[in-house]
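Each ligand, and each atom within it, is numbered from 1 in the order the structure gives. Counting from 1, the numbers follow the sequence of the chain as shown.
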Amino acid sequence: MTDKKPLEINGQRLWQSLMDIAKIGATEKGGSCRLALTDLDKEARDTFVGWCKDAGCSIRIDQMGNVFARRAGEDDSLAPVMTGSHIDTQPTGGRFDGVYGVLAGLEVIRTLNDHNVKTKHPIEASIWTNEEGSRFAPAMVASGVFAGVFDLEYGLSRKDQDGKTMGEELKRIGYAGDEPCGGRPVHAFFEVHIEQGPILEEEGKPIGVVTHGQGQRWYELTFTGVESHAGPTPMDRRKDALLGAARVIELVNKTALAHAPLACGTVGMVNVYPNSRNVIPGKVFLTIDIRHPDDATLSKMDAAIRAGVEEIASGIGLSAALEQIFYYAPIPFDEGCVGAVREAAAALGLPHRDIVAGAGHDACYLSKVAPASMVFVPCVGGISHNEIEDAKPEWIAAGGSVLLNAMLSRAERVD
Ligand code: HGY
Ligand code: MN
Ligand code: MN
């Protein structure tokens, strides 16, 4: 950190950009719905690209639709210091999850322009496609391709519930770039994001210094029983797939509670077939999401889920198809970058604490190809993935200034 007074971003301008983007896919309860690669995602991307061009950036789009807005460095042959996040949302998403990290990157560039700051390394603000994993599973698939975790064909072939692939949808919205996805050096990656949990707000700390991302395992489970009439079918003759699903929901919850206080377990999606009130469901599709900061514990939870599903299926006479579709081990972020975030918060006089990311983030995959870390800010009541998601302007501004100074510590000012 230089001895100059740390630069601060223009919080009002960043807040306004957030409110402007929030109009794209605005929901009745004040949230955002911009599912990945929909026309609304395109509209938000186009808006961001336009603003970045106005700020003098060059734009690159790669084969997974990841967008990179680049501010040239004094030595533009050097690897960029990169920031960014996602602009796609959950169906009942909020105005800050993801898009805050995207627009904070633009605000960093705007602030450097305002102060005519030159950096040795180029600076890049980015959008990562389909971070949420809501329309297309798994989550963070495009940053995963960039980091070499998934191959390009896998990424482009991800299908939504209507059978549309990411490749088709990227072409449809005009974001099927020709830049290779990944395979280029990144000097450092920083992502700012709302915490999406209650800790920072409860402790009155505007900054979280993210040291790790917790590990996750996602599964898809299909139970197959027998549809039959809800009236004449005796209870002891039924092969009720929804009864099996109900027991799995309880199993997932109990497995997480058995590894309290850090484990999480969620069944977020259930599709019932034929979903008719007087037919015993013959088929149920459901999703399972388990998480923990310790990999060995996550493996124990995995074993408990697999054994439990088998037992439930045989107890009811169902067939079970359980597939793990996504896994990444807990991720320790780069100590140097974590230190840069901590020093930036201290230099700005902002109360801060170390924290583990409970959600997945693109920085988790970027950390496989570059030194990376994250900056968290509180969100109101710790609520996220909910239309009422909210944050205070002063938190948003604080996180943006910490991001700016952490990035400058790696980009090397030359003015
Ligand atoms: O699921 C997550 O943690 C992130 O919101 N994709
Ligand atoms: Mn997010
Ligand atoms: Mn999210």
Side-chain angles (χ1 to χ4, degrees), residues 18 21-22 25 27 31-36 41 44 66 83-105 126-144 147 149-150 155 158 189-197 208 210 212-220 252 256 262-269 287-293 298 324-331 355-367 372 374-379 382-391 396 399 403:
L18 276 160
I21 290 277
T27 65
S32 298
C33 176
R34 285 189 305 273
L35 292 184
D41 183 3
N66 298 316
T83 184
S85 192
H86 59 97
I87 212 160
D88 68 301
T89 71
Q90 290 288 334
T92 55
R95 297 174 298 165
F96 302 93
D97 176 6
V99 63
Y100 169 41
V102 171
L103 295 175
S126 57
I127 294 175
W128 297 94
T129 303
N130 189 55
E131 186 280 343
E132 287 293 2
S134 178
R135 181 181 175 194
F136 302 96
M140 300 135 58
V141 68
S143 50
V149 174
F150 308 117
R158 296 307 86 209
F189 183 86
F190 294 94
E191 179 174 0
V192 67
H193 205 287
I194 52 170
E195 177 201 337
Q196 301 179 295
V210 187
H212 295 73
Q214 71 173 341
Q216 303 189 25
R217 287 178 185 265
W218 286 16
Y219 308 81
E220 291 181 346
V252 170
L262 298 178
C264 301
T266 313
V267 172
M269 189 190 277
T287 60
I288 299 170
D289 172 332
I290 55 171
R291 307 189 188 198
H292 199 281
L298 196 59
Q324 179 178 279
I325 63 158
F326 179 46
Y327 161 65
Y328 70 85
I331 288 176
I355 194 166
V356 173
H361 297 285
D362 293 307
C364 294
Y365 277 151
L366 268 291
S367 72
M374 294 186 74
V375 185
F376 272 0
V377 298
C379 54
I383 302 281
S384 182
H385 283 195
N386 183 318
E387 292 163 87
I388 65 166
E389 177 187 281
D390 202 0
I396 294 297
L403 174 72

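Side-chain contact between S32 and V99: absent, with no pair of heavy atoms (C-beta onward) separated by less than 4.5 Å. You'll find the side chain of S85 reaches within 4.5 Å of the side chain of H193, heavy atoms only. Proximity of C379 to F96: side-chain heavy atoms (C-beta onward) are nowhere separated by under 4.5 Å. Taking the side chain as every heavy atom from C-beta outward, F189 and M374 never approach each other to under 4.5 Å. Side-chain contact check for P138 versus R158: some heavy-atom pair is nearer than 4.5 Å.
For the residue pair D289 and W218, a side-chain donor N or O sits within less than 3.5 Å of a side-chain acceptor on the partner.
For a distance bound of 2.8 Å, the N, O or S atoms of H193 include one lying that close to the Mn ion (ligand 2). When distances to the Mn ion (ligand 3) are checked against a cut-off of 2.8 Å, H86 contributes no N, O or S atom below that limit.
Between the CD atom of E191 and the NE2 atom of H86 there is a distance of 7.0 Å, given to the nearest 0.5 Å.
Restricting E132 to its N, O or S atoms, the one at the least distance from the Mn ion (ligand 3) is OE2. Its N, O or S atom nearest to the Mn ion (ligand 2) is what matters here, and for D97 that atom is OD1.
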Identify all N/O pairs between ligand 1 and the protein with a separation under 3.5 Å and present them as a table of atom names and distances.
unit_1   : atom_1 : unit_2 : atom_2 : d
ligand 1 : 1 (O)  : R291   : NH2    : 2.9
ligand 1 : 3 (O)  : R291   : NH1    : 2.7
ligand 1 : 3 (O)  : R291   : NH2    : 3.3
ligand 1 : 3 (O)  : G360   : N      : 2.6
ligand 1 : 5 (O)  : E132   : OE1    : 3.1
ligand 1 : 5 (O)  : H385   : NE2    : 3.3
ligand 1 : 6 (N)  : E131   : O      : 3.4
ligand 1 : 6 (N)  : E131   : OE1    : 3.4
ligand 1 : 6 (N)  : E131   : OE2    : 3.0

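Relative orientation of the Y365 and F150 rings is perpendicular, given thresholds of 30° and 60° on the angle between their planes.
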